[in-house]
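This report concerns only the one structure given below.
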Amino acid sequence: MTDTLPEFPGVRAERCPFDPPPRIQALQQDGPLTKVRLWDGSTPWLVTTHAEQKALLGHPQVSADVTRPGYPLSAPRAEGGSLSFILMDDPEHHRQRRMVQGAFTVRRVESMRPAVQRIVDGLIDDLLAGPKPVDLVEAFALPVPSLVICELLGVPYTDHDFFQDNSKTIIKRNVTAEERAAAGGRLFEYLDTLVGAKLDHPGDDLLSQVAGRVKAGELTRSQAAQMGVLLLIAGHETTANMIALGTLALLQNPAQLALLRDAGDPKAVAGAVEELLRYLNITHSGRRRVALADIEIAGQVIRAGEGMIMANDIANRDPGVFPHPDELDLTRDARRHVAFGFGVHQCLGQPLARLELQVVYGTLYRRIPTLALATGLDRVPFKHDGQVYGVYELPVTW
Ligand code: HEM
């Protein structure tokens, strides 16, 4: 019986560079909720519409606790190890999130704009002075958010090869549970050592503040290290993918790119960032949850213990909310998108991600107006195997 259910790969296995897999997007026409089959034979609900996703992500009986039976896993998971707060429920999730959220308020992040602008300008100077073609991922898309999050956390940027390699393994799907656990273990040990150093010699950075919570007895050292792992991974992987994939999408849509390049108004750039977040929705494996009680929604009953996947890439293409959703239209009002999720787990770093993308998109194409892809679109290696979508490399020239 479950064999007849559509399979949900949780990755863009098909070659559809900027769109959700058409086969999965078509499920939206069957109604807000459909049962799907996962890699392990489990059959959670796939929630495809904007309104129902928001209702469920904001529902008090919906859990993000990955250890609960019925949670729809995206890949095999090794038992044990400590969890970061993205995979916990309130009140513990809220208690830990509150300890770091002061660093991510809009005001605090806005004060970083000149520093982010300096980083972006410096990297573009280096690009222009260096050989071409060049891989934009390596030379620009990864360094921008990595430099910013390292500065904020107090992590030495000189270690970037180490943490970028291990982060990549953690969010790849086609690795074994053991390989993923080993990469997680290496990052955990690294952050644990750093937390230890900050305990002895605190600096003016977020990891030192977290270490201060350990000293005050509010966090165990292991919880502090795990929090560092979450912030370090979330802080660079996602934004890096948005920079590279966003650039590729714009190069494929020259009229939209021209609009952005010629936009003198920071509000137009900010609007373009929201539309690219909506259109590309790089967290394409969906927000995963499990029901704690029976929940009635859209004429269906989700039973206690049943898993659900909010396919936010498909909700961002909901025609009831975004007319002509498959078009990239930088002039539309896309602010209702769910690319940062919704509810208590809504992205903590979104003001920082927005700031970085506004500075990047508002600077890169203006300073390098002839930027062009240095290979065919069919040769660009997309992250078909990643839980976060993007490109592995983007050869560009000018
Ligand atoms: C364009 C870039 C980004 C995208 C698309 C993105 C997307 C998301 C999404 C969809 C969630 C919700 C997860 C869920 O509901 O299960 C999330 C959570 C989170 N994000 Fe981001 N993110 C981005 C950048 C960042 C940055 C720069 C940071 C900085 C450290 C960050 C830190 C976090 C954290 C800590 C959480 C967990 C929040 C919680 O559980 O309360 N993210 N992100």
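What's counted below: heavy atoms across the whole structure, side chains too, no hydrogens, waters or symmetry copies. Counting convention: from 1, in listed order, for ligands and their atoms alike.
Nearest non-hydrogen protein atom to atom 14 (C) of ligand 1 is Arg287 NE, 3.3 Å. In terms of protein heavy-atom proximity, atom 1 (C) of ligand 1 is closest to Met242 CG, 3.6 Å. Nearest protein heavy-atom neighbour of atom 30 (C) of ligand 1: Leu231 O, 3.6 Å. Remark: minimum distance from atom 5 (C) of ligand 1 to any protein heavy atom is reached at Ala339 O, 3.8 Å. Here the protein heavy atom with the shortest distance to atom 16 (O) of ligand 1 is Arg289 NH1, 3.1 Å.
Only the backbone of Val344 comes within 4.0 Å of ligand 1, counting heavy atoms alone; no side-chain atom from C-beta on gets that close. Under 4.0 Å from ligand 1, the heavy atoms of His93 that appear belong solely to its side chain.
For the pairing with Ser146, the side-chain hydrogen bond (donor to acceptor under 3.5 Å, both in side chains) check across His160, Gln164, His236 returns one residue only, Gln164. Test Arg336, Arg335, Arg354 against Glu274 for salt bridge (Lys or Arg N to Asp or Glu O under 4.0 Å) and you get one pass: Arg354.
A salt bridge links Asp19 with Arg317: at least one charged nitrogen is closer than 4.0 Å to a carboxylate oxygen. Salt-bridge annotation for Arg367 and Asp125: present, with a side-chain N of the basic residue lying under 4.0 Å from a carboxylate O of the acidic one. No salt bridge links Glu92 with Arg97; every basic N to acidic carboxylate O contact stays at or beyond 4.0 Å.
Against a heavy-atom cut-off of under 4.0 Å, Arg97 is close to the following atoms of ligand 1: 38 (C), 39 (C), 41 (O). Those atoms of ligand 1 that come under 4.0 Å of a heavy atom in Phe104, given as number and element, are 29 (C), 30 (C).
A heavy-atom separation below 4.0 Å is not found between Phe342 and ligand 1. Every heavy atom of Leu87 sits 4.0 Å or more from the atoms of ligand 1.
Polar contact check, His345 against ligand 1: a nitrogen or oxygen pair lies under 3.5 Å apart. Annotation: Asn312 places no N or O atom under 3.5 Å from an N or O atom of ligand 1; distance criterion only.
For the residue pair Asp326 and Gln25, a side-chain donor N or O sits within less than 3.5 Å of a side-chain acceptor on the partner.
Within the cation-pi definition used here (under 6.0 Å to the ring centroid, within 45° of the axis), Arg278 qualifies as a partner of Phe322.
The side-chain heavy atoms of Pro395 and Val134, taken from C-beta on, include no pair separated by under 4.5 Å.
The side-chain hydrogen bond (donor to acceptor under 3.5 Å, both in side chains) analysis of residues 388-397, with sequence neighbours excluded, yields the pairs Asp385-Tyr392.
Ring-plane geometry between His384 and Phe382 is classed as tilted, the angle between the planes lying from 30 to 60 degrees on a 0 to 90 degree scale.
More than 12 heavy atoms of other shown residues, nucleotides or ligands fall within 6.0 angstrom of atom NZ in Lys54.
Listed by chain and number, Cys347 SG are the protein N/O/S atoms closer than 2.8 Å to atom 21 (Fe) of ligand 1, with waters left out.
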